[in-house]
Student: 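I am attaching a structure below and will ask some questions about it afterwards.
Starting from 1, each residue takes its place in the sequence as its number.
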Amino acid sequence: MPRTTKTITVSLQPEMSDRVDDARRLQGRSRSEFVREALDRYLVECEWGELVQYGEQQAREQGIGPEDVARLVEEYRVEAQSSQT
């Protein structure tokens, strides 16, 4: 049966390694569980950051500023509600 995980090696400074161990012990987790979750959260944050950048770029290209957001959301809600009736 093939492995469902892949092993990687990561080097940490002793202080960071100690912080990881302290935090994972408090949570009752293994190092692998702790690091997997931390990496997953970081990757999700990166993906959201890319999405936000894309949205900001699209807004700039369309001449939409922060002052327009509330009005555009309200217009969308009115349009969506009227199309449901």
Side-chain angles (χ1 to χ4, degrees):
M1 193 146 134
R3 282 183 71 134
T4 59
T5 61
K6 185 174 183 179
T7 300
I8 62 170
T9 302
V10 177
S11 297
L12 301 175
Q13 296 171 332
E15 298 82 18
M16 182 175 278
S17 177
D18 292 344
R19 288 175 60 201
V20 167
D21 283 338
D22 291 345
R24 64 122 184 132
R25 272 191 215 101
L26 285 172
Q27 296 180 12
R29 300 173 147 206
S30 68
R31 281 187 187 130
S32 290
E33 287 174 308
F34 186 86
V35 172
R36 264 194 306 271
E37 184 176 335
L39 286 171
D40 186 58
R41 287 181 180 196
Y42 177 76
L43 293 170
V44 166
E45 183 179 312
C46 289
E47 291 163 356
W48 270 106
E50 289 174 12
L51 184 60
V52 167
Q53 281 184 327
Y54 175 78
E56 288 172 345
Q57 177 186 348
Q58 293 299 306
R60 276 192 304 276
E61 289 175 7
Q62 295 179 32
I64 299 170
E67 67 281 358
D68 301 311
V69 173
R71 177 183 53 79
L72 292 169
V73 168
E74 184 59 28
E75 288 174 7
Y76 174 80
R77 286 179 178 158
V78 168
E79 185 179 311
Q81 191 172 25
S82 67
S83 69
Q84 292 177 354
T85 57

Student: Verify the neighbour count for atom CD of Q13: are there more than 12 heavy atoms of other residues, nucleotides or ligands below 6.0 Å?
Tutor: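 No, because the 6.0 Å sphere around CD of Q13 holds 12 heavy atoms or fewer from other groups.
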
Student: Would R41 and E45 pass as an ion pair if we require N to O under 4.0 Å?
Tutor: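 Judged by the 4.0 Å cut-off on N to carboxylate O distance, R41 and E45 do not form a salt bridge.
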
Student: Could you walk me through whether E75 and L72 pass the side chain to side chain contact (heavy atoms under 4.5 Å, CB included) test, one step at a time?
Tutor: CA-CA 5 Å; E75 288 174 7; L72 292 169; 3.8 Å; yes

Student: Less than 3.5 Å apart, which donor and acceptor atoms pair up between the side chains of residues 50-60 and the rest of the protein, not counting sequence neighbours?
Tutor:
| residue | atom | partner | partner atom | Å |
| --- | --- | --- | --- | --- |
| Q57 | NE2 | E61 | OE2 | 3.0 |

Student: Got V44 and W48 here, is their nearest side-chain heavy-atom distance under 4.5 Å?
Tutor: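 Heavy-atom side-chain distance check passes, below 4.5 Å.
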
Student: Answer yes if I8 and L12 sit in the same cluster of Ile, Leu, Val, Met, Phe, Trp and Tyr residues linked by side chain heavy atoms under 4.5 Å apart, and no otherwise.
Tutor: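 Per the 4.5 Å side-chain linkage, I8 and L12 are co-clustered.
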
Student: Can I get a per-line list of side-chain donor-acceptor pairs under 3.5 Å for residues 18-28, giving both atom names and the distance, sequence neighbours left out?
Tutor:
| residue | atom | partner | partner atom | Å |
| --- | --- | --- | --- | --- |
| D21 | OD1 | R24 | NE | 3.4 |
| D21 | OD1 | R31 | NE | 2.7 |
| D21 | OD1 | R31 | NH2 | 3.3 |
| D21 | OD2 | R31 | NH2 | 3.0 |
| D22 | OD1 | R25 | NH1 | 3.4 |
| R24 | NH1 | R29 | O | 3.4 |

Student: Between CD of E37 and OG of S32, what distance do you get to the nearest 0.5 Å?
Tutor: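 E37 atom CD to S32 atom OG measures 13.0 Å (nearest 0.5 Å).
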
